[in-house]
Amino acid sequence: LSSPSNFTPLLHFIIPVEYEDISSFAEMWIDPDEEEISRDGSQQRIIHMFIVFDIENLGKLEAEFFVRGRDISLSLYCPQESAEYIADISKEIKSCADFSDYRMVDVSVRKFTESRSLVDVFEGLSIKRTGINVRI
């Protein structure tokens, strides 16, 4: 799938998942060319991913990934009932990328309060929607 509209310059995917007796699906948006100002004031290109999971009997979860070079930061927003459990297994989540050249440098677990819009998550999206963003 592509973006929900040609005015939203994000990659967009819908992923149905069935594991044992649990049905779920995930909707993912990716900005492969987001720019971030680093601490020293220089701009750095990052990959920013936002995934919304809707899992049967568990509810809605949001995951936000920032990939800077080979370092991955993850923020998980989960229901109040599962926040403590997910926080307990965050060390295991942190080791998920160990098989690759990437490393999970930060995993934070937060309580899911309300759904965020794409503009809330991808702060530069409204600017990208207004014109052409070309890198030469």
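Index from 1, following the sequence. Everything numeric here is computed off the predicted structure, so don't read it as measured data.
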Going hydrophobic residue to hydrophobic residue with side-chain gaps under 4.5 angstrom, can you get from [X] over to [Y]?
X      : Y     : value
Leu61  : Phe13 : yes
Ile46  : Ile30 : no
Tyr85  : Leu74 : yes
Phe25  : Tyr19 : no
Val105 : Phe66 : no

For the residue pair [X] and [Y], establish whether any side-chain heavy-atom pair is separated by less than 4.5 Å.
X      : Y     : answer
Ile55  : Ile22 : yes
Glu27  : His12 : yes
Arg103 : Asp71 : yes
Glu62  : Ser75 : no
Phe50  : Asp31 : no

Distance (rounded to the nearest 0.5 Å) between Ser108 OG and Ile86 CD1
12.0 Å
How long is the span from the CG atom in Asp88 to the OG atom in Ser82, to the nearest 0.5 Å?
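Asp88 CG to Ser82 OG: 11.5 Å, rounded to 0.5 Å.
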Which pair of non-hydrogen atoms, one from [X] and one from [Y], has the smallest distance, and what is that distance?
X      : Y      : value
Ile72  : Ala97  : CD1-CB, 4.5 Å
Ala83  : Cys78  : CA-SG, 3.5 Å
Phe53  : Ala63  : CE1-CB, 4.0 Å
Phe112 : Tyr77  : CB-C, 3.8 Å
Ile93  : Met104 : O-CE, 3.8 Å
Asp21  : Glu56  : O-OE1, 3.5 Å

Asp120 side chain vs Ser117 backbone, donor-acceptor pair below 3.5 Å
yes
Polar side-chain atom of Arg45 near backbone of Pro32 as donor-acceptor pair, under 3.5 Å
yes
Of His48, Gln43, Arg68, the residue whose pairing with Glu36 passes side chain to side chain donor-acceptor pair (under 3.5 Å):
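Of His48, Gln43, Arg68, side chain to side chain donor-acceptor pair (under 3.5 Å) with Glu36 is met by Arg68 alone.
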